[in-house]
Asks: 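The structure is given below, and queries will be raised subsequently.
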Amino acid sequence: MLEEANLLEEDIETGSARRSWGAYIELDNVQYATSLFWQPLQNASDPFQEVEDASAGVMEGADLFCIKGGKAPQFGICVSHEGYKSGENVGAVALATALSDIGSYVAVFKTNQGWWYVCVRNDIILSDGDMLFLDEEEAKEQFMSMLAVPDWGKKIAPKEWGLEETEELDLAEVMAKGAKSRLQKIKALRGTKLLMVIVISAVVGLWLLSSLVDKLFLTPAVRPVVVPIKPKVAPKQVEQVVEIKPWEKVPDPQTTMLECQKGILALNGILPPGWTIGNISCSGSSVATSWRRDIGRLSWAKQALEDSGLQFSGYAFSADGNSLSASLGVTKPEEKMSPPQLRLAELQNELNDLFQKIGVKIAMSVDMVKSNTGQQYKRLKFSIDSPYHPQTWVNLLIKYSGLEINLIRYSPGSRVWHYEGAIYVL
């Protein structure tokens, strides 16, 4: 029993036992990387600075990338120690180029490795639109949440899901038509930089060779000159960088939850005649949603926004006037120190026991966060679905020190709240 407990502890520490996503799929003996983080590419002729900036800021630790060309150039980044390797084919690029005639589509493909979710909007792979789910229900939930968005050119899903207006495609056949793009190292020397290194190395080599010849054959012997030794000067002290641990500046989770609830309920109360509201999401700084026109008119929706009395960060209608997107700012929570109190296994066991007790399913995974000095800190990410609003959950969750709330999403159709957060551990 002790050996089994130790093995379980080791699996939990690495996070491999509970990871909810996969890094690759395999089709006809060809391996394709999946679950990359995608960003728009501004300078397609020299993308490397943008990629390096993203690896340092948007996704710290990323060391591999690839490029997607076409109408809307993008780059995807990932971390090699999560199962990726240089030279590996990239699935999203092959699929996007194979379906380049379809500007917008949402898809889930059933593979031997899991359920691959891909979402492309106006020729752009969404930042979270390339994900290999290991759990079918998670993939289906993500797919269903995007169906509320209008104007998809194609909706692709497994036939056994039985969803109307969707079709199933042979993934291997589609991927064979796509362009090949491979992962490459972000820090590798290339292009102009590589040429400069070669030129500089050659110049330095010639200089060293000429200096050696000059010293050996051309320079006359000279008598040594005695030079007084200068007193040693103490080296200048290097200013130490003060490390800021990630849990020392955590946005107050209670404020985040209550402000998100306030904003979500405010948007949910806007009901333009003949329009249907979609999912409402809050990231902590803003709340956003969209409405789809059924039988209503654009002017009715605009009037409903104006009558709400809310101060919107912005809103816009689609080109055809059949959809409306709007966002609402919320009060930014204060940052506070919230140090971890439990080890990973202790926290995981406590959360499992708590949620088993109340009969709610919780999904957990482990990831690492870097401080300003590069030191890594471990946290336990979690997600739950519940019919209860944040005010019901706030006292239950804020008792865990090191807690941060990253996303709250409400589905008006099913009246289900989705929560995503993380808790730092010792």
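FYI, side chains are in, hydrogens and waters are out, and symmetry mates aren't considered; it's all heavy atoms of this structure.
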Asks: Between Met131 and Thr34, is a side-chain contact (heavy atoms from CB on, under 4.5 Å) present by the stated rule, with each step listed?
Replies: CA-CA 6 Å; Met131 181 65 67; Thr34 60; over 6 Å; no
Asks: Show every salt bridge (charged side-chain N to carboxylate O under 4.0 Å, His left out) that has at least one partner inside residues 140-156, sequence neighbours left out.
Replies: Glu141-Arg409, Lys154-Glu167, Lys155-Glu165
Asks: Can you sort out the partners of Phe355 under ring pair (Phe, Tyr, Trp, His ring centres under 6.0 Å), two or more places apart, ordered by chain and number?
Replies: Trp393
Asks: Are Val106 and Ile156 close enough that some pair of their side-chain heavy atoms sits under 4.5 Å apart?
Replies: no
Asks: Say whether, by atom type as modelled, one donor and one acceptor occur between the side chain of Asn352 and the main chain of Gln348 under 3.5 angstrom.
Replies: yes
Asks: Would the distance check show the side chain of Asp130 and the main-chain N or O of Leu36 forming a donor-acceptor pair, the cut-off being under 3.5 Å?
Replies: yes
Asks: Considering residues at least two apart in sequence or located in another chain, which fulfil the side chain to side chain contact (heavy atoms under 4.5 Å, CB included) criterion with Glu137?
Replies: Asp135
Asks: Let me see the working for Gln31 and Lys85 under side-chain contact (heavy atoms from CB on, under 4.5 Å), right down to the final yes or no.
Replies: CA-CA 11 Å; Gln31 188 167 303; Lys85 53 183 179 290; 2.9 Å; yes
Asks: Quick one: does Trp247's side chain get under 4.5 Å of Tyr377's, heavy atoms only?
Replies: yes
Asks: Please check: side-chain N/O of Trp300 versus main-chain N/O of Trp275, any donor-acceptor pairing under 3.5 Å?
Replies: no
Asks: Could you check if a side-chain atom of Ile384 sits within less than 4.5 angstrom of a side-chain atom of His418, using non-hydrogen atoms only?
Replies: no
Asks: Does Tyr24 OH have over 12 foreign heavy atoms under 6.0 Å away?
Replies: no
Asks: To check you understand the geometry: which heavy-atom pair defines the closest contact between Ala139 and Val108, and what is its length?
Replies: O-CG2, 4.2 Å
Asks: For the backbone of Gln375 and the side chain of Glu243, can you confirm whether one donor and one acceptor N or O come within less than 3.5 Å of each other?
Replies: no
Asks: By salt bridge (charged side-chain N to carboxylate O under 4.0 Å, His left out), which residues pair with Glu138, not counting sequence neighbours?
Replies: none
Asks: Hey, what do you get for CH2 (Trp115) to CG (Leu134), rounding to the nearest 0.5 Å?
Replies: 8.5 Å
Asks: Under 3.5 Å, side chain of Asp128 to main-chain N/O of Ser35, donor-acceptor pair present?
Replies: no
Asks: Determine, step by step, whether Gln184 and Phe65 satisfy the side-chain contact (heavy atoms from CB on, under 4.5 Å) criterion, reporting the C-alpha distance in whole Å, the side-chain angles of both residues, the deciding distance to 0.1 Å, and the verdict.
Replies: CA-CA 6 Å; Gln184 52 185 307; Phe65 79 103; 3.3 Å; yes
Asks: So, taking the atom named OG1 in Thr392 and the one named CG in Leu397, what distance separates them when rounded to the nearest 0.5 Å?
Replies: 11.0 Å
Asks: Could you note down all residue pairs passing side chain to side chain donor-acceptor pair (under 3.5 Å) where residues 174-183 supplies at least one of them, sequence neighbours left out?
Replies: Asn89-Arg182
Asks: For Trp161 and Glu136: C-alpha separation, side-chain torsions, deciding distance, then whether side-chain hydrogen bond (donor to acceptor under 3.5 Å, both in side chains) applies.
Replies: CA-CA 10 Å; Trp161 285 6; Glu136 182 177 7; 2.7 Å; yes
Asks: What I'd like to find out is whether the side chain of Val79 reaches to under 4.5 Å of the side chain of Leu64, using heavy atoms alone.
Replies: no
Asks: Which residues pass the side chain to side chain contact (heavy atoms under 4.5 Å, CB included) test with Val330, not counting sequence neighbours?
Replies: Glu259, Val287
Asks: Among Ile362, Val360, Leu396, exactly one meets side-chain contact (heavy atoms from CB on, under 4.5 Å) together with Leu354. Which residue is that?
Replies: Leu396
Asks: Rounded at 0.5 Å granularity, tell me how far CG in Leu169 sits from CG in Leu99.
Replies: 7.0 Å
Asks: Kindly state each residue pair satisfying salt bridge (charged side-chain N to carboxylate O under 4.0 Å, His left out) with at least one member in residues 103-124, sequence neighbours excluded.
Replies: Lys110-Glu160
Asks: May I have all residue pairs that pass salt bridge (charged side-chain N to carboxylate O under 4.0 Å, His left out) and include part of residues 318-340, sequence neighbours excluded?
Replies: Asp252-Lys336
Asks: Consider only side-chain N and O atoms of Glu50 and Gln42, and report whether a donor and an acceptor are under 3.5 Å apart.
Replies: no
Asks: Assess the side chains of Ser414 and Ser411: does a donor N or O sit below 3.5 Å from an acceptor N or O?
Replies: yes
Asks: Step by step, would you call Glu350 with Tyr400 a side-chain hydrogen bond (donor to acceptor under 3.5 Å, both in side chains)?
Replies: CA-CA 11 Å; Glu350 186 170 320; Tyr400 294 103; 3.3 Å; yes
Asks: Apply side-chain contact (heavy atoms from CB on, under 4.5 Å) to the pair Val366 and Lys381, showing each step before the final yes or no.
Replies: CA-CA 6 Å; Val366 181; Lys381 296 175 67 176; over 6 Å; no
Asks: Can you measure from CG (Asp53) to CD (Gln39) and round to the nearest 0.5 angstrom?
Replies: 11.5 Å
Asks: Who are the disulfide (SG to SG under 2.5 Å) partners of Cys119, not counting sequence neighbours?
Replies: none
Asks: Got Gln261 and Leu265 here, is their nearest side-chain heavy-atom distance under 4.5 Å?
Replies: yes
Asks: Strictly distance-based, threshold 3.5 Å: is any side-chain N or O of Ser104 a donor or acceptor partner for the main-chain N or O of Asn122?
Replies: yes
Asks: Could you report the tightest heavy-atom contact between Asn372 and Val242, atom names first, then the distance?
Replies: ND2-O, 3.0 Å
Asks: Under a 4.0 Å N-O cut-off, is there an ion pair linking Asp367 with Arg379?
Replies: yes
Asks: Is the backbone of Ala92 close enough, under 3.5 Å, to the side chain of Trp116 for a donor and an acceptor to pair up by distance?
Replies: no
Asks: Okay, side chain of Glu173, backbone of Asp170: is any donor-acceptor separation there less than 3.5 Å?
Replies: no
Asks: Mind checking ring pair (Phe, Tyr, Trp, His ring centres under 6.0 Å) for Tyr410 and listing every partner two or more places apart, or none if nothing turns up?
Replies: Trp417
Asks: To the nearest 0.5 Å, how far apart are CE in Met175 and OH in Tyr32?
Replies: 5.0 Å
Asks: Are Gln303 and Asp307 close enough, and set up right, to give a side-chain hydrogen bond (donor to acceptor under 3.5 Å, both in side chains), and what steps lead you there?
Replies: CA-CA 6 Å; Gln303 187 65 46; Asp307 292 345; 2.8 Å; yes
Asks: Please indicate whether Phe312 has more than 12 foreign heavy atoms, meaning atoms of other residues, nucleotides or ligands, lying under 6.0 Å from its CZ.
Replies: yes
Asks: Kindly state each residue pair satisfying side chain to side chain donor-acceptor pair (under 3.5 Å) with at least one member in residues 61-77, sequence neighbours excluded.
Replies: Asp63-Ser80
Asks: Quick test of your reading: applying salt bridge (charged side-chain N to carboxylate O under 4.0 Å, His left out), list the pairs with at least one residue in residues 281-293, sequence neighbours left out, ordered by first then second residue.
Replies: Arg292-Asp294
Asks: About how many Å separate CG of Leu258 and NZ of Lys262, when rounded to the nearest 0.5 Å?
Replies: 10.0 Å
Asks: Give a yes or no answer on whether the side chain of Glu52 reaches the backbone of Gln49 with a donor-acceptor pair at less than 3.5 Å.
Replies: no
Asks: Between the main-chain N or O of Leu328 and the side-chain N or O of Ser286, is there a donor-acceptor pair closer than 3.5 Å?
Replies: no
Asks: Take atom CD of Glu306 as the centre, draw a 6.0 Å sphere, and report whether it contains more than 12 heavy atoms from other residues, nucleotides or ligands.
Replies: yes
